[in-house]
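For this chain, numbers begin at 1 and follow the sequence in order.
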Amino acid sequence: MPDQNEWETKAANILKAELKRKGVTYAQLAELIDEKEVNIRNKLSRGKFTAAFFLMSINAIGVANLNL
């Protein structure tokens, strides 16, 4: 089974891929969820964020379904 770091990387990659698919930049996401762009950039580069952040971001960019 993958370790914690692998799961964090997977979550970050899923969110990055959905942003790219939707054509949403980090700056645009920052506006949508009322957070600073630098914070979003750091969270996604480190892969360290909460499930709540992930769900809020996915919802804000209009993703209704995810295939894992």
Is the backbone N or O of Q28 less than 3.5 Å from a side-chain atom of E31, with the two atoms forming a donor-acceptor pair by type?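 No, the answer is negative, given that no donor and acceptor are paired below the 3.5 Å cut-off.
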Set of side chain to side chain donor-acceptor pair (under 3.5 Å) partners for K48, sequence neighbours left out: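 Counting only residues at least two positions away or on another chain, K48 forms a side chain to side chain donor-acceptor pair (under 3.5 Å) with E8.
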Determine, stepwise, if the pair K16 / Y26 fulfils side-chain contact (heavy atoms from CB on, under 4.5 Å). CA-CA 9 Å; K16 288 177 193 177; Y26 291 166; 3.9 Å; yes
Heavy-atom pair of closest approach, residues [X] and [Y]:
{"X": "K22", "Y": "G62", "value": "NZ-O, 3.3 Å"}
{"X": "K43", "Y": "F49", "value": "O-CD2, 3.6 Å"}
{"X": "A12", "Y": "G47", "value": "CB-CA, 3.9 Å"}
{"X": "L29", "Y": "V24", "value": "N-CG1, 3.8 Å"}

[Y] and [X], any side-chain heavy atoms less than 4.5 Å apart:
{"X": "K36", "Y": "R41", "answer": "no"}
{"X": "N13", "Y": "T9", "answer": "yes"}
{"X": "I40", "Y": "I33", "answer": "yes"}
{"X": "L55", "Y": "T50", "answer": "no"}

Mind checking the OG-CG spacing from S57 to L32? Nearest 0.5 Å is all I need.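 Answer for the OG-CG pair, S57 versus L32, is 9.0 Å.
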So, taking the atom named CG in L44 and the one named CG in N42, what distance separates them when rounded to the nearest 0.5 Å?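 The distance works out to 9.5 Å.
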Heavy-atom neighbours of D34 CG exceed 12 at 6.0 Å: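 It does not: D34 CG has 12 such atoms or fewer within range.
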Co-members of V38 in a cluster of I, L, V, M, F, W and Y side chains, linked at under 4.5 Å: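 Its cluster mates, by chain and number: none.
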According to a 4.5 Å side-chain heavy-atom criterion applied to Ile, Leu, Val, Met, Phe, Trp and Tyr, with indirect links allowed, do L66 and W7 form part of one hydrophobic cluster?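 Per the 4.5 Å side-chain linkage, L66 and W7 are not co-clustered.
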salt_bridge(E6, K10) N-O dist < 4.0 Å: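 Salt bridge: no.
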I'd like to know whether N59 forms a side-chain contact (heavy atoms from CB on, under 4.5 Å) with M56, so could you lay out the CA-CA distance, the side-chain angles of the two residues, the decisive distance to 0.1 Å, and finally the verdict. CA-CA 5 Å; N59 183 64; M56 181 172 38; 5.9 Å; no
